[in-house]
Protein chains: 2
Amino acid sequence: MPNTETIAVVRGEAEIHPRIAHLFTTAKTEISCAANDLHTWGIRTGSVQGPQSLAPRIAEGLVVRKLYRSGILLDPLCARYANAVQSAGGDVRITPDELNETIVIDGRIAILAGDLSHGVRSYSVVTVPEVVQGVSSLYAAAWRSATPLSTWDRRVAELREMAPRILEVLASGCKDETAARTLGLSVRTYRRRVAELMAALGAGSRFQAGVKARELGLI
Amino acid sequence: MPNTETIAVVRGEAEIHPRIAHLFTTAKTEISCAANDLHTWGIRTGSVQGPQSLAPRIAEGLVVRKLYRSGILLDPLCARYANAVQSAGGDVRITPDELNETIVIDGRIAILAGDLSHGVRSYSVVTVPEVVQGVSSLYAAAWRSATPLSTWDRRVAELREMAPRILEVLASGCKDETAARTLGLSVRTYRRRVAELMAALGAGSRFQAGVKARELGLI
DNA sequence: CGCCGATTGACAACTTCTTGCCAGATCGAG
DNA sequence: CTCGATCTGGCAAGAAGTTGTCAATCGGCG
């Protein structure tokens, strides 16, 4: 077998981001991407070109699918990016569930993001047909159960506006009564907002919500 | 006035870490440092030399004072580093309070860490005598109210060992009863450990604890 | 061997949070 | 102008978390 049909492990963003950028520019039929945030695949850092650059190729038939966690919609920058992908002709869906961060290119190459180890993240670049097929199936399943961006964005647009202030008072460690007063809301309404934030973050406890908010750079 | 007596603003770690490294090697009488974590001043990333390199100069009379947040002692690497500074002849104190991250060199230069802005941190490098004096005074006040490392470390040594597992179940979002069972503890004991963690992190709510744990890289 | 200090687990009181329900207010469409 | 939809705030029930107290256990020390 040609040695391109292997699994390569790449360590660190400096290594993986140029490869992704290259793969994105050479993709012919399909780019499918699942991300918990806009950092993993070099989008936030600008390592990958803006979605506008894909528009002509989408018009020519390139299929672009982006699957994101709902939590990222709480960040105005991320929300704007996701909408830009949609405007460029890409298809964007949102899920509240934790995602296995994945990229599939042309049904032939799959990139899977591993765990952080000593501050460095590993990525597996796979070209074995059976493995790529399996990863594609998993992606398709997650895609099917997700919700269109427009539906989610309508829901979180207002929440996004007040999310920074809510997260700030939550992160200050004070009680709901104090937080509500600080924001000029009733306790009930404040608690509604917190519940919405937790739902958007996919968090089952306030501790978990704090961790996720921090991970997403919302705090 | 010589233009060295100014305030310079430096943006980004790549800029500030080499300067700090240089200042550390040229310091004559005193290095005072306050850090909320071991990342801000380039310690965790290795940009600054290990504490052993200071030992000969400490023996010659260089005074090294390090003031850290109690939360960092939950990280074995950080705890080891702090103890190494102490072993090298430095003086290390611990506070549960939030710190204004500062370095003072020879009572003549002060470096203050600002807030993150768009993922980049600003640092102010100050040589104006009056300002440096004021910063030194603030540092001294925080130093006086802090506790020796040995006292704190005795307290958190056992907590440090089980902190990863506790933080992991906390971050999973499950209830205390479930978490306790997962760790093989009673609910009361689990809650004692969580309370100790929150105290070490200086957190008043679980949400705040989640944020701080994530910031410290404990999760 | 006995005593003492530390720790654990059970129980409980209290606080804080989660969510449902309902009345009233507001706003937009017909 | 009316009506329906939506949101807010108050109230409340229940769940989850916080902390105190006490009895039991264990290990170390004299």
Side-chain angles (χ1 to χ4, degrees), chain A residues 70-71 74 96 150-163 165-214 218-219, chain B residues 70-71 74 96 150-163 165-214 218-219:
Chain A
S70 51
L74 295 170
S150 54
T151 305
W152 262 97
D153 217 42
R154 198 180 305 136
R155 270 191 225 153
V156 295
E158 269 188 65
L159 182 60
R160 178 161 59 238
E161 195 194 311
M162 87 178 314
R165 285 179 287 141
I166 297 180
L167 290 167
E168 185 182 356
V169 295
L170 275 167
S172 75
C174 63
K175 287 177 281 188
D176 285 0
E177 200 174 324
T178 308
R181 242 190 287 119
T182 299
L183 297 180
L185 301 172
S186 76
V187 173
R188 186 66 192 86
T189 298
Y190 171 76
R191 284 171 170 162
R192 278 197 183 96
R193 298 295 165 268
V194 172
E196 289 159 8
L197 264 177
M198 295 208 7
L201 292 166
S205 70
R206 285 205 183 185
F207 185 98
Q208 189 178 46
V211 173
K212 284 173 182 278
R214 193 65 182 87
L218 299 170
I219 293 178
Chain B
S70 53
L74 295 170
S150 53
T151 305
W152 261 97
D153 217 44
R154 198 179 306 134
R155 270 190 225 151
V156 294
E158 269 190 64
L159 183 59
R160 177 161 59 236
E161 195 195 310
M162 86 178 315
R165 286 179 286 141
I166 297 179
L167 290 166
E168 184 181 355
V169 294
L170 274 168
S172 75
C174 63
K175 289 177 282 189
D176 285 0
E177 199 174 326
T178 307
R181 242 189 285 118
T182 298
L183 298 180
L185 301 172
S186 75
V187 172
R188 187 66 192 88
T189 297
Y190 172 76
R191 284 172 170 160
R192 280 197 180 94
R193 297 296 164 269
V194 172
E196 288 160 8
L197 262 178
M198 293 202 16
L201 291 167
S205 71
R206 286 205 182 184
F207 185 98
Q208 189 179 45
V211 173
K212 285 173 182 277
R214 192 68 181 87
L218 297 169
I219 292 178

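To find a chain, count down the sequence lines: A is the first, B the second, and so on, and within it residues start at 1.
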Find the distance [X]:[atom1] to [N]:[atom2] and express it as a whole number of Å.
| X | N | atom1 | atom2 | value |
| --- | --- | --- | --- | --- |
| B:Asp176 | D:dT19 | CG | P | 12 Å |
| A:Ile166 | C:dC17 | CD1 | P | 14 Å |
| A:Leu170 | C:dT16 | CG | C1' | 13 Å |
| B:Arg206 | D:dT18 | CZ | C1' | 9 Å |
| B:Phe207 | C:dT16 | CZ | C1' | 16 Å |
| A:Lys175 | D:dG17 | NZ | C1' | 14 Å |
| B:Gln208 | C:dC17 | CD | P | 12 Å |
| B:Leu197 | D:dG17 | CG | P | 15 Å |

Subject >> Close side-chain approach of A:Val211 to B:Val211, heavy-atom, < 4.5 Å >> reply: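 No; the side chains remain at least 4.5 Å from each other.
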Subject >> Close side-chain approach of B:Ser205 and A:Phe207, heavy atoms under 4.5 Å >> reply: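 Side chain of B:Ser205 against side chain of A:Phe207, heavy atoms only: no contact under 4.5 Å found.
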**OP:** Of all the heavy-atom pairs spanning B:Gln208 and B:Gly202, show the shortest one and how long it is.
**Re:**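 Smallest interatomic distance, heavy atoms only, reads OE1-O, 3.9 Å.
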Subject >> Shortest non-hydrogen contact between B:Ala199 and B:Pro96, atoms and distance >> reply: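 Taking every non-hydrogen atom into account, O-CB, 4.4 Å.
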**OP:** Go through the structure and list residues passing side-chain contact (heavy atoms from CB on, under 4.5 Å) with A:Arg191, not counting sequence neighbours.
**Re:**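 With neighbours one apart ignored, the set is A:Asp176, A:Val187, A:Arg188.
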**OP:** Please list, chain by chain and in numerical order, all residues satisfying side-chain contact (heavy atoms from CB on, under 4.5 Å) with A:Ala179, sequence neighbours excluded.
**Re:**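 Counting only residues at least two positions away or on another chain, A:Ala179 forms a side-chain contact (heavy atoms from CB on, under 4.5 Å) with A:Val169, A:Cys174, A:Tyr190.
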Original post:
Are any side-chain N or O atoms of B:Thr189 and backbone N or O atoms of B:Leu185, one a donor and one an acceptor, separated by less than 3.5 Å?
Top reply: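 Flag not set: sc B:Thr189 to bb B:Leu185 has no pair under 3.5 Å.
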Original post:
Any donor-acceptor pair under 3.5 Å linking the side chain of B:Arg214 with the backbone of B:Ile219?
Top reply: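 It does hold such a pair.
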Original post:
Along nucleotides 6-14 of chain D, 5' to 3', which nucleotides get a B, which get an S, and which get a -, given that the test is a protein heavy-atom distance under 4.0 Å?
Top reply: --BBBB---
Original post:
For nucleotides 23-29 of chain D, read 5' to 3', which letter fits each nucleotide if B means a protein heavy atom sits under 4.0 Å from the base, S means only the sugar-phosphate is that close, and - means neither?
Top reply: -------
Subject >> Euclidean distance, A:Arg206 CZ relative to A:Leu201 CG, rounded to 0.5 Å >> reply: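 Between A:Leu201 CG and A:Arg206 CZ, I get 12.0 Å after rounding to 0.5 Å.
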Subject >> Check against side chain to side chain contact (heavy atoms under 4.5 Å, CB included), B:Leu183 and B:Ile166 >> reply: CA-CA 8 Å; B:Leu183 298 180; B:Ile166 297 179; 3.9 Å; yes
Subject >> All side-chain hydrogen bond (donor to acceptor under 3.5 Å, both in side chains) counterparts of B:Glu196, not counting sequence neighbours >> reply: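 For B:Glu196, the residues satisfying side-chain hydrogen bond (donor to acceptor under 3.5 Å, both in side chains) (neighbours in sequence not counted) are B:Arg193.
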N/O-N/O pairs, protein side and nucleotides 24-26 of chain C side, under 3.5 Å:
none

